[in-house]
Amino acid sequence: MHPAYSVIFFTTLTGFGYGLIVMYGFALIDPTTLAGKIGYVIALATIGGGLLSSTLHLGHPERAVLAFSQWRSSWLSREGVAAVIGFIPMGLAAFGAIILGENWHILAVVASLLSITTVYCTSMIYAQLKTVHHWATPLTCVTYALFSLTGGYLGAVAIGSFSGHSVKGDAGLALAILVFTWVIKGFWWRRADTDRAPASIETATGLGRFGPVRLLDKPHMTDNYLNREMGYVVARKHALALRRITWILGLGAPAVLLVASYAVSGIAAALILTLAVLSYLAGTFVERWLFFAEARHTVSLYYGQSLENGLEQ
Amino acid sequence: MTSLPDRTDKKLGLVIDLDVCVGCHACVINCKEWNTGGYGSSLADENAYGKDVSGSFLNRVHTYEAGTGQNARVVHFPKSCLHCEDAPCVPVCPTGASYKRAEDGIVLVNEDRCIGCGLCAWSCPYGAREMDPAENVMKKCTLCVDRIYNENLPEEDRTPACVRTCPANARHFGDLGDPTSDVSRMVQERGGMDLMPEMGTRPVNKYLPPRVRNAGCGEGETSKGNEAEPDAQLGGFLKWIDKALEAMK
């Protein structure tokens, strides 16, 4: 599938922002401290920026308001509705904390429930697609939620360290959560590499009764929308190298930095933890890019491409 | 609008005979011609006279080889929207632009509501939807809804452009919800099949598989029994007789 930067920015950034909001709901961040207030600004900015980025993906963004209408059947519509409703308690809680210096915790709880709902809706847009079998698993929803919550927890630890909280124990738990998330993503990749494709060129054409089928001629000389959007092949050659980069940026470097934060204290620890968050975000950005670029669509069958990853070794 | 109708008694659709299609692409051209000037916005082309020409089409013909060795055969394979009963493109649409008509089962896009998110194209296993590069709205086969009900056209033209133009008569249009219709009987007699049935889309359009070849039509037997062919052994007077009698036929 074509990896659109707008959608990658959107899922990575909003995922992190929603994860932060959930940490306010769990009272892991004190919103009345300066760092807590800045955290709210970061959360709202990443969520708002991500949502705006997603509209760049549209052919007619001026009609985006229509996308709230079909929540009864469409996960994309549900995502939009949940995101907009979520802004109400989120915005009020942030207003209370930043302007009035009040901690309206109940609003933060409501906001975090709506945040998780929105992340779930986002993940279901992909998990519902039978046509992309790499995505069509509940594990997709689990990984989206875990990446969001892990990002939020890392953010909470960094924010806590800026507001003078001891972070020694928190960093240890963050390391455990980080490793857990990437182990689950490892399972997701393993499934993507070994899962049997749901269809073949033989069933796609119905010609399997005569034996193996192969494409002789494409219907056109140059690429079309279907090849560009669904038959994206650029990433596959470098998929394994990119996965290594993902592991290093998303897991290795943040893990080392979390451990390193034990060696120092105060502002030095806070800066090291901030670096860990940024590295983790860069890692999830590459992970999200691969999520799209490696995914294979059943329409590829009509163009003689395989649905299997062929990376199992 | 965005949910699928519970049922459609009328199921207008196509039956495509893979035994007959000769791969001439006339259906592709006539579809493009009609739908560029017909229903909805035009079917645009990008860089039409340049090197990387590209454009939106509602119907394309692939060519496959099926089987191996002596049993291999070439199959020309026209593909357009199958107007599925469980069309996955409809419920995913966030705006309600994509819909399936309850009265005749045709799947359409309301272009004034389409935001061009592309999710319907992602959900279609068959690649039946293409984004228009100029209008940024999703285009798909309308079953020539502006022809089949058009009383301004002569009756013989009230059929989809691809069906009307097919020189080999490989494409047929009708109501697949009516078991007595010509198309339904064709499907019944020839074992009409669904594409990718495992996707659970229940396509309305059916494909008639290529027929199994007749025995004895293989290598080295093509001229056997062809008695009109003058024997190569004939010469002189007998050859003249043979020619004269041939002329009297």
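Reckoned from all heavy atoms, side chains included, excluding hydrogens, waters and symmetry mates. To find a chain, count down the sequence lines: A is the first, B the second, and so on, and within it residues start at 1. Everything numeric in this text was worked out from a predicted model, so none of it was measured.
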Visitor: Is A/Leu129 in contact with chain B via its backbone, its side chain, both, or neither, using a 4.5 Å heavy-atom distance?
Guide: side chain

Visitor: Rounded to the nearest 0.5 Å, what separates atom OH in B/Tyr126 from atom OG1 in A/Thr131?
Guide: 11.0 Å

Visitor: Rounded to the nearest 0.5 Å, how far apart are CD1 of B/Ile115 and CD of A/Glu62?
Guide: 10.0 Å

Visitor: Given side-chain contact (heavy atoms from CB on, under 4.5 Å), test A/Gln70 with B/Arg113 step by step and report yes or no.
Guide: CA-CA 12 Å; A/Gln70 305 301 317; B/Arg113 286 185 76 89; 4.2 Å; yes

Visitor: Rounded at 0.5 Å granularity, tell me how far CG in B/Leu119 sits from CD in A/Gln128.
Guide: 6.0 Å

Visitor: Let me know if A/Asp223 has heavy atoms under 4.5 Å from chain B in its side chain, its backbone, both or neither.
Guide: backbone

Visitor: So which part of A/Ser200 gets closer than 4.5 Å to some heavy atom of chain B, the side chain, the backbone, both or neither?
Guide: backbone

Visitor: How are the rings of B/Trp122 and A/Trp135 set to each other: parallel, tilted or perpendicular (split at 30° and 60°)?
Guide: tilted

Visitor: Using heavy-atom distances under 4.5 Å, tell me whether A/Ala64 contacts chain B through its side chain, its backbone, both, or neither.
Guide: backbone

Visitor: Given that the side chain runs from C-beta out, which part of A/His57 has a heavy atom under 4.5 Å from chain B: side chain, backbone, both or neither?
Guide: both

Visitor: Sort A/Met1 into side chain, backbone, both or neither according to what part of it lies under 4.5 angstrom from a heavy atom of chain B.
Guide: side chain

Visitor: Below 4.5 Å from any heavy atom of chain A, which atoms of B/Val53 appear? Answer side chain, backbone, both or neither.
Guide: both

Visitor: Select one option (side chain, backbone, both, neither) describing which atoms of A/Leu207 are under 4.5 Å from chain B's heavy atoms.
Guide: both

Visitor: Which bit of B/Pro88 comes within less than 4.5 Å of chain A, counting heavy atoms only: side chain, backbone, both or neither?
Guide: neither

Visitor: Would you say A/Tyr225's side chain and B/Phe57's backbone share a donor-acceptor pair under 3.5 angstrom?
Guide: no

Visitor: Just by modelled atom types, is the B/Glu135 backbone N or O under 3.5 Å from a matching donor or acceptor in the A/His60 side chain?
Guide: yes

Visitor: Mark yes or no for whether B/Thr63, through its side chain, and A/Asp217, through its backbone, hold a donor-acceptor pair below 3.5 Å.
Guide: no

Visitor: Walk me through it: do A/Val213 and B/Phe77 pass the test side-chain contact (heavy atoms from CB on, under 4.5 Å)?
Guide: CA-CA 12 Å; A/Val213 177; B/Phe77 196 92; over 6 Å; no

